[in-house]
Amino acid sequence: INAYGPTESTVVASITEPMSPTDRVTIGRPSTGISAWVLDNRLHRVPVGVTGELYVSGDGLARGYRNRAGTTAERFVPNPAGSAGTRMYRTGDLARWNKNGELEYQGRGDFQVKIRGFRIELGEIEAVLARYPGVAHSVVTTLERDGGAARIVGYVVPANDAQTVDPEAVIAFAGSALAPYMVPAVVVVLDELPMTANGKLDRRALPVPDLRATQARSRAAESDTERTLAALFVDVLGVESVGVDDSFFSMGGDSIMSIQLEIGRA
């Protein structure tokens, strides 16, 4: 059984019937008391098979975000198909209806990502990197390592050709302004951002850094116990080195990988 649902709709907004391994994976039909809408950018319903943005409404919908009126107004919008005062939640997810009346998930429609269970707007990180002295432009994206865990990667362009920007200093600056789970694991300095023929950022042309080259950012292991633990972290994280005071999570770990660490220790 596959279930879908953002926290804003009290976890389960749609759910499938039991599936077999050969079935096409969908996110099913709306749960009891929930309505799902696949809409275009004018809030018009799109035909079956056409991708649009997924909205949910009905029982269990949150009232909004505490002390975040702007974000609430952006995400909780009037429901044109409902009674006066009712709202629907703009999920930011793309979906389409299939011929069987089930929803097929098509990915994100914005730059929001989920890292270690936290939902992150990449634009917030870009704004912080752009504030670092000497940075003219910044771009943030995510890369998945071999084990599947996503890592945040930042790209910065110096303000002028003569200026140099220290990637580690940019990371430290980001760490002073952002929550730990939002700090890039790697920052890459570019001469310029890659652009498409029509002058837009070409994200696919951004160079892919070697995530294994992530280095320790704290003191080296000294005792036998510290060296053993560091070796286990290196093995599970897939990096070149780990310092004693480095965070397992800031080096790219997540809850699933921590289970592997426990197995390795056992």
Side-chain angles (χ1 to χ4, degrees), residues 1-66 68 71-123 141-152 181 203-204 254-257 259:
I1 292 176
N2 190 32
Y4 163 85
T7 303
E8 290 85 349
S9 64
T10 318
V11 184
V12 178
S14 68
I15 194 167
T16 66
E17 298 291 335
M19 296 183 293
S20 71
T22 58
D23 288 341
R24 183 182 182 90
V25 177
T26 73
I27 56 174
R29 296 180 175 85
S31 304
T32 302
I34 296 291
S35 295
W37 317 87
V38 180
L39 308 176
D40 62 17
N41 57 9
R42 299 176 64 186
L43 299 185
H44 293 162
R45 297 189 195 190
V46 300
V48 171
V50 175
T51 297
E53 187 168 1
L54 180 59
Y55 292 73
V56 295
S57 62
D59 297 340
L61 195 67
R63 296 180 180 179
Y65 300 105
R66 185 171 182 266
R68 297 174 66 188
T71 305
T72 296
E74 176 188 354
R75 289 292 181 178
F76 292 86
V77 299
N79 183 355
S83 57
T86 59
R87 297 174 302 160
M88 55 185 181
Y89 174 65
R90 180 184 182 186
T91 67
D93 291 321
L94 301 178
R96 66 187 179 194
W97 294 103
N98 64 21
K99 293 184 292 186
N100 298 322
E102 297 174 313
L103 288 163
E104 296 181 354
Y105 182 78
Q106 300 294 301
R108 288 294 298 179
D110 55 21
F111 293 117
Q112 187 184 90
V113 298
K114 184 174 283 189
I115 301 289
R116 306 199 319 258
F118 296 99
R119 275 187 280 176
I120 298 171
E121 294 284 354
L122 296 181
T141 186
T142 60
L143 291 176
E144 288 191 359
R145 32 192 325 278
D146 294 339
R151 307 282 294 279
I152 299 174
Y181 58 85
R203 289 181 175 270
R204 291 179 296 182
D254 57 25
S255 58
I256 300 300
M257 296 173 73
I259 296 173

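Everything numeric in this text was worked out from a predicted model, so none of it was measured.
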Open item on the list: Could you measure the distance from the CG atom of L122 to the OG1 atom of T142? Nearest 0.5 Å is fine.
Closed with: 6.5 Å
- [ ] Over 60° means perpendicular and under 30° means parallel, so classify the ring planes of Y89 and F76, tilted if in between.
- [x] tilted
Open item on the list: Measuring from atom CG of D93 to atom CG of L103, what distance do you get when rounded to the nearest 0.5 angstrom?
Closed with: 10.5 Å
TODO: Provide the full list of salt bridge (Lys or Arg N to Asp or Glu O under 4.0 Å) pairs with a residue in residues 53-63, sequence neighbours left out, each pair given once.
DONE: E53-R90
- [ ] Please examine the side chains of Y55 and S57, heavy atoms only from C-beta on, and report whether any two atoms are closer than 4.5 Å.
- [x] no
Task: Residues, nucleotides or ligands: over 12 heavy atoms within 6.0 Å of R203 CZ - done: yes
Open item on the list: Quick check for you: to the nearest 0.5 Å, what is the distance between N79 atom CG and T86 atom OG1?
Closed with: 4.5 Å
TODO: Go through the steps to decide whether L43 and M88 satisfy the test side chain to side chain contact (heavy atoms under 4.5 Å, CB included), and finish with yes or no.
DONE: CA-CA 11 Å; L43 299 185; M88 55 185 181; 4.3 Å; yes
Task: Minimum-distance pair of heavy atoms, taken over all atoms of M19 and T26 - done: SD-N, 4.4 Å
Task: CD on Q106 to CD1 on I27, rounded to 0.5 Å - done: 9.5 Å
Task: Side chain N100, main chain E102, donor-acceptor under 3.5 Å - done: no
TODO: Any chance you could measure Y181, atom OH, to I120, atom CD1, to the nearest 0.5 Å?
DONE: 6.5 Å
- [ ] Give the C-alpha distance, both sets of side-chain angles, the deciding distance and a yes or no for side chain to side chain contact (heavy atoms under 4.5 Å, CB included) between T91 and Y4.
- [x] CA-CA 11 Å; T91 67; Y4 163 85; 3.5 Å; yes
Task: For G58 against I34, the heavy-atom pair lying closest together - done: C-CD1, 4.3 Å
Task: Nearest heavy-atom neighbours spanning V12 and I15 - done: CG1-CB, 4.4 Å
Task: Name of the residue among L94, V48, L54 meeting side chain to side chain contact (heavy atoms under 4.5 Å, CB included) with V38 - done: L54
TODO: Identify, with sequence neighbours excluded, every residue that meets side-chain contact (heavy atoms from CB on, under 4.5 Å) alongside T10.
DONE: none
Open item on the list: Looking at R24 and E104, is any side-chain nitrogen of the basic one under 4.0 Å from a carboxylate oxygen of the acidic one?
Closed with: yes
Task: Where V56 and A13 come nearest, the two heavy atoms and their spacing - done: CG1-CB, 4.0 Å
Open item on the list: Could you report the tightest heavy-atom contact between A62 and R87, atom names first, then the distance?
Closed with: O-NH2, 3.4 Å
TODO: Provide the closest heavy-atom pair for W97 versus A36 in the form atom of the first, atom of the second, distance.
DONE: CZ2-O, 3.6 Å
